[in-house]
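Everything quoted here is computed from the prediction, not taken from an experiment.
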Amino acid sequence: MYELTINLKSGDKTPLYEQLYEYIRGEIRDGHIASGEKLPSTRALSRHLEVSRSTVELAYEQLLSEGYIEARPYRGYYVAQIDGLYQIKQQSTDEKKNYPESRALYRYDFTPNGVDLKSFPHNTWRKLSRECLVDDRAELFRLGCPQGEYGLRSAISSYLHQARGVNCSPDQIIVGAGNDYLMMLLCAIIGTHHKVALENPTYKQAYRLFENLSCEVCTVDMDTKGMRADELEKSGADIAFVMPSHQYPLGTVMPIKRRMELLAWADESEDRYIIEDDYDSEFRYKGKPIPALQGYDGNGKVIYIGTFSKSIAPAIRMSYLVLPAKLCRVYEDRCSFINSTVSKVDQLILQKFIEDGYYERHLNKMRALYKSRHDTLLAALKNWNAGFSISGENAGVHLLLHFHDGRGEEELIRLAASKGIKVYGLSEYYVDERKKSREAVILLGYANLSEEKIKEAVGLLKEAWKM
């Protein structure tokens with residue numbers, strides 16, 4: 001080969017030697033320059049392209065270091081033997097992604113998983129971030145305690161005791177990046193030989209997680225008081241996953257008698273445990289706060305899991321697991337080598353957020369905000385005098401409409417969509433299809449909608465559903 005023709009762009013941000021290197025590499029990889037073929041000398045190619053010889057030498061050196069060419073003494077540069085070279089083919093960025101055509105944009109989204117991100121305490125979080133990073137502390141960037149930093153665990157322990165009636169020490173707490181990670185860690189601690197019972201309808205994310213971790217899973221019937229202890233006994237399960245303070249998605253609050261029945265069931269066998277998911281217990285708008293089930297447990301049978309995703313923001317990715325003392329020892333033996341999944345910087349910020357009283361003030365603000373939206377939605381719905389009843393109100397960030405006029409969920413969802421409104425059917429939360437409610441039930445979340453938008457959306461729903 002005596003010359004290479006390439007249009008080098010002298011004004012481009014990419015250096016000339018890099019343009020030349022990329023061109024030759026591409027020609028070799030595409031087979032346009034065959035293995036064993038001789039490349040032009042650096043002097044000849046620089047003269048042909050009208051660039052400095054050092055530019056060509058830099059390009060050749062890069063190709064040489066990556067193995068695309070080889071230097072033969074007194075003979076020059078030759079293309080290396082690269083048959084079978086692994087090649088990563090980049091996909092064209094011009095190709096259109098195939099999104100489902102049915103994907104639609106909604107003016108109003110009544111998602112039951114909503115959070116008002118506009119109320120995130122940006123200024124406070126920014127201030128605490130600066131305070132945490134003001135000192136050049138190398139220790140802050142080293143690997144910390146696998147369970148999470150002691151200061152944060154101590155702050156969480158104090159908060160849980162005061163606000164939720166949870167009895168635990170910081171040594172029983174494990175901090176992790178979200179509930180999903182902590183559930184996977186829990187399965188590593190207790191093993192996957194258990195049979196896990198969940199309510200039906202239930203939080204499907206938990207069901208899928210246990211199922212994919214090779215646990216045997218089943219569902220247990222509910223009544224107006226929550227998971228039935230007699231049906232749990234019949235299921236043969238040795239772990240019960242429940243949400244006693246505010247069941248998702250039904251919004252059921254488990255009374256004390258049913259809680260005692262579940263604790264009695266767990267006490268019947270050494271290997272039985274209850275996993276209590278206390279995902280949104282901070283938001284209750286009527287009556288006294290409901291203490292956590294863990295606070296009634298005197299025999300180390302309740303595994304408690306909570307999160308800051310609902311009360312602060314989902315992207316915080318900070319959850320916590322409270323293990324009974326017996327399982328703490330198992331954790332030490334089996335899983336204490338697993339490093340924490342939350343950075344020490346983020347843990348320190350959250351610790352200060354709790355200890356300095358910002359978290360309490362933020363919770364009070366969010367409770368007032370969500371209660372206002374809850375009350376606005378209830379008032380707008382009750383003005384209809386329509387053929388549905390309401391349940392699951394007074395807690396959490398969603399409620400349910402039970403329709404009695406024979407219409408199905410799909411029809412109601414379709415009619416709402418025609419007005420640019422996204423609503424959700426209860427049927428998607430059932431694991432056992434045979435146990436689905438015979439009547440249509442629609443979930444309406446209100447956390448991410450202002451009072452004005454709630455009124456507008458409810459008015460449009462009234463038109464769509466002709467009520």
Side-chain angles (χ1 to χ4, degrees), residues 88 115 117-164 166 168-189 205 209 213 278-279 282 303-323 325 327-363 365-366:
I88 300 175
V115 175
L117 297 179
K118 292 180 180 178
S119 298
F120 181 80
H122 293 281
N123 292 334
T124 300
W125 205 263
R126 194 178 298 114
K127 170 180 173 289
L128 295 176
S129 299
R130 284 197 301 267
E131 289 179 5
C132 292
L133 298 172
V134 70
D135 298 323
D136 296 332
R137 291 184 292 169
E139 184 63 31
L140 197 59
F141 296 95
R142 292 194 176 99
L143 283 176
C145 176
Q147 286 183 237
E149 296 308 294
Y150 188 86
L152 174 59
R153 289 186 282 124
S154 180
I156 292 173
S157 175
S158 297
Y159 163 72
L160 290 177
H161 180 70
Q162 295 169 18
R164 302 295 302 124
V166 172
C168 69
S169 69
D171 293 332
Q172 292 175 256
I173 296 175
I174 301 174
V175 176
N179 282 22
D180 293 347
Y181 163 76
L182 290 178
M183 298 289 275
M184 289 187 283
L185 180 63
L186 179 60
C187 285
I189 296 170
Q205 181 79 348
L209 196 60
L213 290 171
D278 210 21
Y279 72 102
E282 294 88 358
I303 301 164
Y304 181 92
I305 188 168
T307 181
F308 293 101
S309 293
K310 282 283 188 182
S311 57
I312 302 179
I316 293 297
R317 303 307 301 148
M318 204 95 73
S319 296
Y320 45 89
L321 188 67
V322 180
L323 295 176
L327 290 183
C328 285
R329 293 189 289 272
V330 178
Y331 164 78
E332 286 290 333
D333 293 339
R334 294 183 182 177
C335 302
S336 58
F337 67 93
I338 301 175
N339 290 316
S340 176
T341 52
V342 183
S343 80
K344 291 174 70 172
V345 176
D346 290 335
Q347 292 186 56
L348 183 56
I349 294 171
L350 182 57
Q351 177 187 333
K352 287 179 172 292
F353 191 68
I354 297 172
E355 290 178 342
D356 294 350
Y358 294 113
Y359 184 53
E360 181 181 0
R361 290 195 287 273
H362 177 68
L363 276 181
K365 173 186 173 182
M366 299 310 293

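- The OG atom of S157 sits 12.5 Å away from atom OH of Y159, with the distance rounded to the nearest 0.5 Å.
- A search for salt bridge (Lys or Arg N to Asp or Glu O under 4.0 Å) contacts involving K365 returns nothing, not counting sequence neighbours.
- S340 and C145 get closest at one heavy-atom pair: CB-O, 3.6 Å.
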Review point. Step by step, would you call V322 with I305 a side-chain contact (heavy atoms from CB on, under 4.5 Å)?
Key: CA-CA 6 Å; V322 180; I305 188 168; over 6 Å; no
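- Within the 4.5 Å cutoff, the side chain of L348 has no heavy atoms near those of the E149 side chain.
- Here the closest heavy-atom approach between residue D278 and residue R164 is recorded as OD2-NE, 2.6 Å.
- Atom-to-atom distance recorded for N179:CG and M184:CE is 10.5 Å, nearest 0.5 angstrom.
- Pairing each heavy atom of V330 with each of I189, the nearest pair is CG1-O, 3.3 Å.
- Closest non-hydrogen pair, T341 versus A177, comes out as OG1-N, 2.9 Å.
- The shortest distance between side-chain heavy atoms of S336 and Y331 falls below 4.5 Å.
- Screening L160, I173, L321 for a side chain to side chain contact (heavy atoms under 4.5 Å, CB included) involving Y304 leaves a single residue, L160.
- The aromatic rings of F353 and Y358 sit parallel to each other, their planes meeting at less than 30°, with 60° as the upper class boundary.
- For the pair R153 and D171, the tightest heavy-atom approach, listed with the atom from each and the gap, is NH1-CA, 3.8 Å.
- With rounding to the nearest 0.5 Å, the separation of CZ in R317 from CG in D346 is 12.0 Å.
- Contact annotation: the side chain of Y181 never approaches that of S319 to less than 4.5 Å [non-hydrogen atoms, C-beta and beyond].
- Residues L350 and I312 have side chains in contact (heavy-atom distance under 4.5 Å, counting atoms from C-beta outward).
- Rounding to the nearest 0.5 Å gives a distance of 9.0 Å between CZ of R334 and CG of L327.
- Distance check, rounded to the nearest 0.5 Å: CD1 of I156 to OH of Y359 gives 9.0 Å.
- Minimum heavy-atom separation, L117 to P314: CD2-CD, 3.9 Å.
- Q147 is listed as a side-chain neighbour of I174, based on a closest heavy-atom distance under 4.5 Å.
- Atom CD of E360 has 12 or fewer heavy atoms from other residues, nucleotides or ligands within 6.0 Å.
- Here Q172 contributes atom CD and Y320 contributes atom OH; the two are 14.5 Å apart, rounded to the nearest 0.5 Å.
- In this structure, the side chains of S311 and M366 stay at 4.5 Å or more apart for every pair of heavy atoms.
- Counting heavy atoms from C-beta on, the side chains of I338 and P146 never come closer than 4.5 Å.
- For the pair L182/L186, no side-chain contact is recorded, criterion being any heavy-atom separation below 4.5 Å from C-beta on.
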